[in-house]
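Take a look at the structure set out below.
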Amino acid sequence: MNKNTLKAPVNNSDIISEFDELVRSFNGSSAQTDMLLDLGAQLEDIGYDSYGGLTKAIDNLTQGFNAAYQAGGMNNLLDSLKEKGIIVNPARLPIIPPGEGEIKTGSGNGVTIRKEDRLEWVIDALLRDDITTDQFFIEPGLPIPGAFRKEPYFLINLPGFGEEGRQIGVCNLYGAVTFVSDHIYAPEFYAQYSIEEVKALPGFDSFKLNDREKWRNQLIDFVRKGLEPKDIQTPDIQKASQKLRSNRLHLTPGMVFEKMLEEAMPDREGSFPSSDSKEDIIGWKDWNWGALNQHVNNNLPYKGIASLRDAQICEQAKIWLEQHSDHPRDEVPPLATPLPDYPHVTFGVIDDALQNMRNKRKVSLWRVLVSGDDPVIMGEYLEAADMTSSMIFKKMLEKAMPDREGSFPSSDSKEDVIGWKEWNWEAIRSHAKNKLSYSGIASLRDAQICKQVKIWLDQRPDHPRDEVPPLEAPLPDYPHVTFGVIDDALQNMKGSGKTSLWRVLSTEGIVQSIEPYTANIPACKL
């Protein structure tokens, strides 16, 4: 390669920056591969450890591809085709990557994979139809790294047919789609499209091999006559696809996050899209959340759409906290506060969206901000052994505050307990029963209520022992909560667990009475 064609880096940081940019925009072309290798060699020369061994890694990758061809018997097949006088270009890169509906990873162990000699069938059909070996050439694709589909696609190119030539794409895997085009495109073109996307492109057609003779006749008819005029919608699809890919590569994390925020608005039920959602993204032609997740994973420095989402949320929280230096560093920003760069969205909307994620990806704003190698807020992950009865009761009181509708959580509630990693009320119930010597979360709750009433009564020996404390009186150890809040929460319990402060106290023998005391609790129901 002529190294004069490369931009000469001024210093080491320029080499690193240029390498990073090339990695982000890499499309598998041979020109970019040459540049990648060249920059990698320069990084090795300057001893930049993060990229050390790049050339060796790519050499190993190439050897792996060759081994895959050898194991599948492809090398022998291609050698036999060359002996017949057919031009077979060297395989350069993987083409036709797995689509959304395909299994993208896996060894294939335990799964019966049927193969057919389709490449040979196509060649045989061409030769039988008096198409000579010097009228076509083959460009093999490489196997897809880590893909369940081990068989590569092959491009059979016939440049002397039609105005722009004819092209056939075939895979030896049973059930794989055969596609055709009235234009010849390089492997680099097919490296960016799944088979479903290829089938949807203008100027293409596809055939399923249900009947071998019919399939053969369709291919020969295509070679001789080309596609029907209605199928050819644009003669310059390659430029259009390059433009589409260029637009995709210029998507920024902020643009993607903005689309996610639109999805998380209250009129969309406050839910971020899940990474495998198939819903189209309005305004982005031919994109949906699954395609975006793949783009983020391949072209941006994130591990998928959830990683990008969390990084952007953390960035907004960091900006807010820097602007509000007096805010406690162990608390999330106030939920009513808007995000600095997105003033139409509050942190509360973010928290609601995270906790209403589709499928099983529910999380919380707190958990996002305390996770990772560089947490935004200094939270504490509590192990079960460190969780005391009073800590659980405090969480229940937070749940029972008026802004949470004054209701204690039921013992089987699945809602996350904000601030306790991987804990929900069901897990708390199990912990209370198995580790804290209660019969469950209700037993723990009642014991803590009785404890607070005992303390209050001990401080007031003149209070009648057949009356509950006044509803407006605060709990001794929790002065921000009154006994009235406790009574409301008990009477508004979810499910069939409704009770009252009086009933809890009389059952445990704290209040000495055989009749309900109603002077202070007019709404009490037995």
Side-chain angles (χ1 to χ4, degrees), residues 17 20-21 23-26 100 244-324 327 331-377 379 416 418:
S17 176
D20 286 341
E21 178 62 29
V23 169
R24 282 193 294 270
S25 64
F26 187 66
E100 293 178 17
L244 175 63
R245 180 169 175 79
S246 176
N247 289 339
R248 291 180 177 183
L249 288 175
H250 283 90
L251 286 177
T252 65
M255 293 167 63
V256 176
F257 187 58
E258 179 69 41
K259 284 293 180 183
M260 298 180 76
L261 291 177
E262 291 177 10
E263 174 79 358
M265 293 296 96
D267 60 345
R268 298 299 297 273
E269 300 180 2
S271 171
F272 278 126
S274 58
S275 60
D276 58 355
S277 172
K278 302 297 189 296
E279 179 184 352
D280 287 335
I281 303 175
I282 298 174
W284 292 0
K285 186 178 180 182
D286 299 325
W287 278 81
N288 58 40
W289 292 108
L292 185 60
N293 185 63
Q294 184 177 357
H295 171 78
V296 168
N297 193 55
N298 295 338
N299 298 293
L300 295 175
Y302 303 95
K303 294 180 180 178
I305 200 170
S307 173
L308 181 151
R309 173 202 71 202
D310 293 350
Q312 294 298 304
I313 292 172
C314 289
E315 180 65 25
Q316 292 301 303
K318 283 180 181 178
I319 295 173
W320 191 90
L321 290 171
E322 289 171 357
Q323 295 171 348
H324 301 81
H327 186 79
E331 296 181 10
V332 301
L335 297 185
T337 303
L339 277 64
D341 295 334
Y342 306 93
H344 59 296
V345 182
T346 66
F347 285 104
V349 168
I350 298 293
D351 188 53
D352 287 342
L354 289 169
Q355 297 197 50
N356 286 286
M357 279 291 293
R358 297 175 181 145
N359 300 327
K360 298 180 180 179
R361 296 175 175 84
K362 300 181 189 299
V363 68
S364 67
L365 176 63
W366 183 90
R367 191 174 297 174
V368 168
L369 297 184
V370 301
S371 300
D373 297 330
D374 184 24
V376 178
I377 61 176
D416 286 337
I418 297 175

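Counting begins at 1 with the first residue of the sequence.
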query = What orientation do W320 and H327 show, parallel under 30°, tilted 30 to 60°, or perpendicular over 60°?
reply = perpendicular
inquiry  = Are V345 and P338 packed together at the side-chain level, in the sense that at least one heavy-atom pair is separated by less than 4.5 angstrom?
reply    = no
message = So does L365 get a backbone contact from the side chain of D351, meaning a donor-acceptor N/O pair under 3.5 Å?
response = yes
query = Does any non-hydrogen side-chain atom of I377 lie less than 4.5 Å from one of L321?
reply = yes
note = Between the CH2 atom in W366 and the CG atom in L354, the distance rounded to the nearest 0.5 Å is 13.5 Å
query = How long is the span from the NE2 atom in H344 to the CD atom in E262, to the nearest 0.5 Å?
reply = 7.0 Å
task = In sequence, state the C-alpha distance, the side-chain angles, and the governing distance for I350 and L335, and then conclude on side-chain contact (heavy atoms from CB on, under 4.5 Å).
result = CA-CA 9 Å; I350 298 293; L335 297 185; over 6 Å; no
Distance, nearest 0.5 Å, that separates CG of D352 from CZ of F347 = 13.5 Å
request  = Could you check if a side-chain atom of Y302 sits within less than 4.5 angstrom of a side-chain atom of R309, using non-hydrogen atoms only?
outcome  = no
ask   = Could you state the interatomic distance from CZ (F257) to CG (D341), rounded to the nearest 0.5 Å?
value = 9.5 Å
query = If you take all heavy atoms of E263 and P273, which pair is closest and at what distance?
reply = CG-CD, 3.4 Å
inquiry  = Is there a side-chain contact between L369 and I313 in this structure, where contact means two heavy atoms from C-beta onward sitting under 4.5 Å apart?
reply    = yes
inquiry  = Donor-acceptor pair, distance only, cut-off 3.5 Å: does the side chain of N293 make one with the backbone of I305?
reply    = yes
key: Flag side-chain contact, heavy atom, 4.5 Å: V256 against Q312   = no
note = Nearest heavy-atom contact between P340 and P343 is O-CD, 4.3 Å
